[in-house]
Amino acid sequence: MRKESPFRKQVRILGACLFLLYMAGLIYFLFLSEDAGHGGTGEYNYNIQPFREIIRYIRYRELLGTRAVLMNLVGNIIGFLPFGALVPLMWRSARKAWRMTLLSFEISALVEVSQLIFHVGCFDVDDMILNALGGLLGYVLFWAASSLYYSAEKRKSSAAGAEDASSGRRQG
């Protein structure tokens with residue numbers, strides 16, 4: 001096993017702390033917040049037909065209002081962006097786009113099934129689709145940031161190597 005640099009260890013620890021905060025916020029919002037419509041109406045709704053609610057929100061966006069459309073469609077995507085960005089930061093095994101998308105879908109399915117069992121929120125297969133898309137987009141952000149970091153490190157080490165080589169020639 002190779003030794004981890006102090007900087008990478010700090011980034012991983014920071015990522016784990018941010019992940020714990022994110023999960024606490026997500027659990028609160030999905031299961032406890034009355035602002036998110038968890039007050040309960042006595043009637044429980046669910047959707048098991050893929051894209052039904054997504055199409056409905058787009059088709060009736062003017063009737064439903066911009067806030068409702070953004071909360072549902074964009075909110076479900078944005079809600080899983082941190083998941084897709086932080087998980088691969090902590091676990092190397094999650095550093096594949098397909099794996100992160102699948103993991104986002106699985107965690108979202110766990111949340112949706114929990115909502116179904118406990119009659120909190122609303123089970124919606126479209127939420128799982130949007131959450132998986134959010135996880136994938138979060139992974140893309142992680143990948144882009146990693147690529148920028150590694151290319152900057154490579155340029156820095158190349159510049160240092162070139163400087164060492166030119167100073168060695170002058171001394172000789």
Side-chain angles (χ1 to χ4, degrees), residues 1-40 46-47 53-54 57 66-160:
M1 185 172 156
R2 69 181 179 160
K3 187 169 163 80
E4 187 174 45
S5 75
F7 175 75
R8 286 187 185 177
K9 186 174 182 176
Q10 289 172 343
V11 168
R12 212 168 38 77
I13 290 170
L14 176 63
C17 292
L18 289 173
F19 183 76
L20 289 174
L21 285 172
Y22 160 74
M23 289 305 291
L26 192 66
I27 289 168
Y28 172 78
F29 181 75
L30 292 173
F31 295 103
L32 305 172
S33 170
E34 288 185 26
D35 290 340
H38 303 303
Y46 58 91
N47 171 39
E53 288 298 303
I54 293 171
Y57 271 91
T66 303
R67 185 180 192 282
V69 173
L70 290 177
M71 285 290 289
N72 190 302
L73 301 181
V74 178
N76 275 304
I77 293 169
I78 291 174
F80 265 67
L81 276 170
F83 185 84
L86 294 172
V87 169
L89 186 67
M90 296 180 301
W91 294 290
R92 288 174 111 26
S93 62
R95 292 186 183 169
K96 299 273 186 225
W98 69 268
R99 192 169 283 159
M100 197 62 246
T101 305
L102 181 61
L103 186 57
S104 297
F105 188 83
E106 291 169 342
I107 295 299
S108 181
L110 179 67
V111 166
E112 294 297 322
V113 168
S114 297
Q115 289 179 328
L116 181 65
I117 291 169
F118 298 113
H119 291 255
V120 177
C122 175
F123 178 91
D124 189 349
V125 71
D126 289 349
D127 288 353
M128 296 184 328
I129 293 167
L130 293 168
N131 292 160
L133 177 60
L136 174 61
L137 292 175
Y139 174 80
V140 168
L141 292 174
F142 162 80
W143 180 84
S146 295
S147 296
L148 287 172
Y149 171 76
Y150 286 121
S151 65
E153 284 295 308
K154 190 175 181 179
R155 280 193 305 270
K156 192 165 51 171
S157 67
S158 294

Can a donor-acceptor pair be found, under 3.5 Å and without considering hydrogens, that links the side chain of [X] to the backbone of [Y]?
X: Glu112; Y: Asp124; value: yes
X: Asn76; Y: Asn131; value: no
X: Ser151; Y: Ser147; value: yes

Please enumerate all residues that pass salt bridge (charged side-chain N to carboxylate O under 4.0 Å, His left out) together with Lys154, with sequence neighbours excluded.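 Salt bridge (charged side-chain N to carboxylate O under 4.0 Å, His left out) list for Lys154, sorted by chain: empty.
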
State which residues pass salt bridge (charged side-chain N to carboxylate O under 4.0 Å, His left out) with Arg99; sequence neighbours excluded, sorted by chain then number.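 Listed in chain order: nothing, the list is empty.
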
Exceeds 12 heavy-atom contacts within 6.0 angstrom, atom CH2 of Trp143: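 For Trp143, atom CH2 is not crowded (no more than 12 foreign heavy atoms under 6.0 Å).
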
Do other residues, nucleotides or ligands put more than 12 heavy atoms under 6.0 Å from Tyr46 OH?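 Open: at most 12 neighbouring heavy atoms sit under 6.0 Å from OH of Tyr46.
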
If I take atom [atom1] from residue [X] and atom [atom2] from residue [Y], how far apart are they, to the nearest 0.5 angstrom?
X: Ile27; Y: Leu32; atom1: CD1; atom2: CG; result: 8.5 Å
X: Asn72; Y: Tyr57; atom1: CG; atom2: OH; result: 4.0 Å
X: Phe105; Y: Leu130; atom1: CZ; atom2: CG; result: 11.0 Å

Restricting to non-hydrogen atoms, name the atom on [X] and the atom on [Y] that form the minimum distance, rounded to 0.1 Å.
X: Val111; Y: Phe31; result: O-CZ, 3.9 Å
X: Ser104; Y: Ala132; result: CB-CA, 3.9 Å
X: Asp126; Y: Glu53; result: OD2-N, 2.6 Å

Reference residue Phe80; test side chain to side chain contact (heavy atoms under 4.5 Å, CB included); the match among Asp127, Leu137, Leu26: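 For Phe80, the side chain to side chain contact (heavy atoms under 4.5 Å, CB included) check succeeds only for Leu26.
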
With sequence neighbours excluded, residues passing side chain to side chain contact (heavy atoms under 4.5 Å, CB included) with [X]:
X: Leu103; value: Phe83, Val87, Met100, Glu106, Ile107
X: Val140; value: none
X: Ala97; value: Leu136, Tyr139

Do Ile77 and Val74 come close enough that some side-chain heavy atom pair is under 4.5 Å?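 Ile77 vs Val74: side chains apart.
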
Side-chain donor/acceptor pairs under 3.5 Å, residues 10-24, sequence neighbours excluded:
residue	atom	partner	partner atom	Å
Arg12	NE	Glu4	OE2	2.9
Arg12	NH2	Glu4	OE1	3.0
Tyr22	OH	Gly79	O	2.6

